[in-house]
Amino acid sequence: MIRVRFSPAPTGSLHIGSARTALFNWLYARHHGGVFLLRIEDTDVARSRDEWVVGIQETLRWLGIDWDEGPILQSSRFPVYLAAADRLLAQGDAYECYCTEEEVRERNDAAVAAGRAPGYDGRCRALTPDERVALAAEGRPRTIRFRTPDHGVSSFTDLIRGEVRVDWSLIPDFVIVRSDGAPIFFLANAVDDLEMGITQVIRGEDLIDSTHRVLALRAALGATDVPEYAHLPLIVDVESRAKLSKRHGAVALEDFRDDGYLPEALMNYIALLGWAPADDGDEVLDADALVAAFDLDRVTHAAAGFDRAKLDWLNGEWIRRLTREELIARVEPLARARFGDAYDAAVVDGAVGIAQERAVTLEQIVDQMAFLFVDEADFRIAPDSQAVVERTDRIGEVLDAVITHVELCDWTVDAVDFRAALTALGLSKKEIRGAMPALYAAVEGLPRGLPLFDSMHLLGRNRTLARLRAARNRLP
RNA sequence: GCCCCCAUCGUCUAGUGGCCCAGGACGCCGCCCUUUCAAGGCGGUAACGGGGAUUCGAACUCCCCUGGGGGCACCA
């Protein structure tokens, strides 16, 4: 039975890279009919926060990822890890170390300065019982270190990279229990993957070097089998080519959600970062299609750049694939938050109807309909747009003609179409097109926006007239 | 500094020795459509980092170089 896990540290919100790791684990489990479990790696108590434990789960659910087991909090399993550490101590695979953090750091710095590799120098490896007692009596902190081999080669077979090997002499002894008594990532990770029967470990490539240590720990713990490892290429900022970070714009999934991106689009886009379907077909894929097509053998090797432009395109595609009712339901919370008491369900429904075919994000849809919720007393043509109005040929005549038309026409979307009135003024089709931005600005505040006749209809005759007349009066 | 991983259009990628003077998608450019802006339709621009080797034949195999990324904690 295939068993995989996503094991984030709750030290922040879920970001793009972690979400992709979660997604690939989930897709792999669902594709192969395996079990997907969620394990929270909160062994670093100081940096872990309950709100992130909750937030990560909410965000995963929002994305469309569910799990079969968990969440399992490592903070609730400390006794298990500590017992394992004791066993390693008893077997001689680990030893007590009384070096302070500062001492280790100083000796590391000295080693680097002398041209040697940093890393623990093994000073406490061969302490006698008497020496240990003496050191402890000094009140020194005690950590437990795992003893790595001094010779030989560590190797494992990565599912997407093949054999990965490194000399053991390059991997120094490392801490598995802190001086405050808390177990460290490597230990908890090895113990849990073993006890939970994890069969494939799918994670970011930044962890590839730590695999040797976890595997050594696992073997020392008595494991006779080894899970398969698959190290995913990193997702990097497309500009800097470096690891994604806040400095490079939004990386937290919640930010994308708040900016009006759909979970369908995010899942779709993230899946395409480091993986591609077998054929050159449609790249717009829903969760079912991704599950059906996904497998590890098609994961790429090189780091992938996060490209906002393609996400935007996909988000627009997904907005167009939603039914109008679904889209309205997604826009509603954002619109309510933005417009407060002015919120009007009928107007939002109408605006969403005309916005759907052109939108990039939900937030943009709300932006585009904002002119419908502004009081006439507060309505203003944007300064730049006022210039567009004044620059338009025969704008006074045009506004007068449109005002007259709006005063007298039937109040249907088709009848609101004032173009015939402008033709009567002697304007050509091209000239009418040239006048449109000014009219958009007069009614919507900007020289571009939601289709004008629908917008005027939604706005109502009186408010439309008020804005047109105000624009007329503002002319020099 | 040492170690590990990686290297096809601007970006995401297809490609596993001949089907490739390299295909798709996003972006960009142009045209069409058009109620502004979009969306949509059509067309275009654009890449195998360099050098050796193997082979009748290399984007694909091997070596070197260069370049990029990651890791070397009492974070995960």
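Chain naming here is simple, since letters A, B, ... match the order of the sequence lines and numbering starts at 1 in each. Keep in mind that the numbers below use all heavy atoms, side chains included, and drop hydrogens, waters and symmetry copies.
Contact of A/E357 with B/G40 (side chain to base): no donor-acceptor pair of N or O atoms is detected under 3.5 Å. Between the base of B/U36 and the side chain of A/R358 there is a donor-acceptor pair shorter than 3.5 Å. No N or O donor and acceptor, one from the side chain of A/D206 and one from the base of B/G71, sit under 3.5 Å apart. A donor-acceptor contact under 3.5 Å is formed by the side chain of A/R47 with the base of B/C75.
No contact: A/Q74 has no heavy atom under 4.0 Å from any strand. Residue A/G274 is in sugar-phosphate contact alone, with no base atom involved, counting any heavy-atom pair closer than 4.0 Å across all strands shown. Residue A/P141 is classed as a base contact, given a heavy-atom separation below 4.0 Å to a base. At a threshold of 4.0 angstrom between heavy atoms, the contacts of A/D454 include nucleobase atoms, whether or not backbone atoms are also involved. Within 4.0 Å (heavy atoms only), A/L207 reaches at least one base atom of the nucleic acid. Residue A/T300 is classed as a sugar-phosphate contact, given heavy-atom separations below 4.0 Å to backbone atoms only.
Note: CG (A/D209) to C1' (B/C6) measures 13 Å, nearest angstrom. Per the geometry, OH belonging to A/Y98 stands 17 Å off P belonging to B/C74, to the nearest Å. When rounded to the nearest whole Å, the span between CG of A/L272 and C1' of B/G27 equals 15 Å. Protein atom CG of A/N189 is 10 Å distant from nucleotide atom P of B/A76, rounded to whole Å. For the pair A/D237 CG and B/G70 P, the computed distance is 11 Å after rounding to whole Å. A/N108 places its CG atom 17 Å from the P atom of B/G71, with the value rounded to the nearest Å.
Pairing partner, B/A53: B/U61, with both Watson-Crick or wobble hydrogen-bond distances short of 3.5 Å. The base-pairing partner of B/U16, taking Watson-Crick or G-U wobble contacts with both distances under 3.5 Å, does not exist among the strands shown. Nucleotide B/A25: paired with B/U11 (Watson-Crick or G-U wobble, both distances less than 3.5 Å). Nucleotide B/U34 is matched to nothing when pairs are restricted to Watson-Crick or G-U wobble geometry with both distances under 3.5 angstrom. Pairing for B/G67 is with B/C6, a Watson-Crick or G-U wobble pair whose two hydrogen-bonding atom distances lie under 3.5 Å. Shown here, B/G1 forms a base pair with B/C72; the pair counts as Watson-Crick or G-U wobble because both key distances fall under 3.5 Å.
The structure places CD of A/Q364 at 4.5 Å from CD of A/Q368, a figure rounded to the nearest 0.5 Å.
The aromatic rings of A/F418 and A/H405 lie perpendicular to each other, with more than 60° between the two planes, well past the 30° mark.
Ion pair A/E264/A/R330 flagged as a salt bridge, since at least one NZ, NE, NH1 or NH2 atom sits closer than 4.0 Å to an Asp/Glu carboxylate oxygen.
Residues A/Y120 and A/F174 keep their aromatic ring centres 6.0 Å or farther apart.
For A/S210 and B/G71, the shortest distance from a side-chain N or O to OP1 or OP2 is not below 4.0 Å. In this structure, A/R419 reaches the B/U35 phosphate: one of its side-chain N or O atoms is under 4.0 Å from OP1 or OP2. A close approach under 4.0 Å does occur between a side-chain nitrogen or oxygen of A/R298 and OP1 or OP2 of B/G15.
Using a distance-only test at 3.5 Å, with no hydrogens or angles considered, no donor-acceptor pair links the side chain of A/R5 to the main chain of A/L37. Under the 3.5 Å distance criterion, the side-chain polar atoms of A/D167 are left unmatched by any main-chain donor or acceptor of A/L170.
If you run salt bridge (Lys or Arg N to Asp or Glu O under 4.0 Å) between A/D193 and each of A/R39, A/R203, A/R218, only A/R39 comes through.
Of all nucleotides listed (B/G69, B/C6, B/A76), B/G69 comes nearest to the side chain of A/L234. Residue A/A302 places its side chain closer to B/C6 than to any other of B/C2, B/U11, B/C6.
B/C19 sits 28 Å from B/U11 when the C1' atoms are compared, rounded to a whole Å. One C1' atom belongs to B/A22, the other to B/C37, and the distance between them is 37 Å to the nearest Å.
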